[in-house]
Amino acid sequence: MMLILYEAYVRDWKKPKPKPSQLQEERMDFLEPRNTVPKAEHDRMLQEFKEYKKHCSEILKNVEKVEPMMGKPYLKINMDVGDFESLKYQLK
């Protein structure tokens, strides 16, 4: 029985161990840039986001809370019909 355990230990000891150089190669592959966006497109997206944020803040400024005598309170948006239709068209 001791002989069997010793043989199993020797077999495990003789197995090749992974080389550390392979790990460094994988890390270098990990550091390569992937899925990058061109700077011009990034700047355009930031500008569109700023415009969208400004537009949303303008809409939120026109929202008021209405508390009727009977029923639940609700929110009312003071907006022209044309502006509303334009907003609907933009969101489609």
Side-chain angles (χ1 to χ4, degrees):
M1 185 169 191
M2 291 296 286
L3 182 63
I4 293 172
L5 289 173
Y6 178 74
E7 287 176 0
Y9 173 75
V10 170
R11 257 187 274 130
D12 288 342
W13 183 71
K14 289 182 179 179
K15 288 183 181 177
K17 295 180 182 177
K19 296 179 182 178
S21 63
Q22 292 174 347
L23 295 175
Q24 290 178 355
E25 290 174 7
E26 291 176 5
R27 288 182 184 164
M28 294 304 292
D29 181 41
F30 176 73
L31 295 174
E32 290 180 11
R34 298 180 188 165
N35 298 330
T36 58
V37 179
K39 181 165 176 43
E41 186 175 346
H42 180 262
D43 292 340
R44 181 187 55 81
M45 290 171 65
L46 282 177
Q47 183 64 30
E48 287 178 1
F49 177 70
K50 287 178 184 178
E51 291 173 6
Y52 177 75
K53 189 175 176 182
K54 181 180 174 185
H55 187 67
C56 288
S57 66
E58 289 173 2
I59 291 173
L60 288 176
K61 286 179 185 177
N62 293 328
V63 174
E64 66 181 59
K65 182 178 178 182
V66 177
E67 296 185 20
M69 295 289 266
M70 298 180 70
K72 295 182 180 180
Y74 60 92
L75 299 176
K76 177 181 172 184
I77 301 175
N78 297 323
M79 182 185 288
D80 294 337
V81 176
D83 292 339
F84 177 72
E85 292 297 326
S86 172
L87 181 62
K88 275 179 36 177
Y89 180 75
Q90 289 175 0
L91 294 176
K92 286 186 179 183

Peer 1: Drop me the distance from D83's CG to N62's CG, to the nearest 0.5 angstrom.
Peer 2: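 Result: 9.0 Å between the selected atoms.
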
Peer 1: Taking the side chain as every heavy atom from C-beta outward, state whether Q90 and S86 have any pair of such atoms under 4.5 Å apart.
Peer 2: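 Yes, side chains in contact.
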
Peer 1: Is there a path from F84 to L75 through hydrophobic residues (I, L, V, M, F, W, Y) whose side chains come within less than 4.5 Å of each other?
Peer 2: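 Shared cluster, yes.
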
Peer 1: If you measure from CG on N78 to CD1 on I59, what distance do you get to the nearest 0.5 Å?
Peer 2: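 So the CG of N78 and the CD1 of I59 are separated by 12.5 Å.
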
Peer 1: Please write out which residues are connected to V66 in a hydrophobic cluster, directly or through intermediates, given that two of Ile, Leu, Val, Met, Phe, Trp, Tyr count as joined at side-chain heavy-atom separations below 4.5 angstrom.
Peer 2: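 Result for V66 is Y74.
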
Peer 1: Please find the pair of heavy atoms, one from P68 and one from P73, that lie closest to each other, and give the distance.
Peer 2: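 Between these two residues, the closest heavy atoms are CD-CA, 4.0 Å.
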
Peer 1: Considering residues at least two apart in sequence or located in another chain, which fulfil the side chain to side chain contact (heavy atoms under 4.5 Å, CB included) criterion with Y52?
Peer 2: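 Result, side chain to side chain contact (heavy atoms under 4.5 Å, CB included) vs Y52: C56.
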
Peer 1: Start with the C-alpha distance between K54 and E58, add both sets of side-chain angles, then the distance that settles side chain to side chain contact (heavy atoms under 4.5 Å, CB included), and finish with yes or no.
Peer 2: CA-CA 6 Å; K54 181 180 174 185; E58 289 173 2; 3.6 Å; yes

Peer 1: Does a side-chain heavy-atom distance below 4.5 Å link E41 with M45?
Peer 2: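 In short, these two side chains touch, coming nearer than 4.5 Å.
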
Peer 1: To the nearest 0.5 Å, how far apart are NZ in K39 and NE2 in H42?
Peer 2: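 Rounded to the nearest 0.5 Å, the NZ-NE2 separation comes out at 7.5 Å.
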
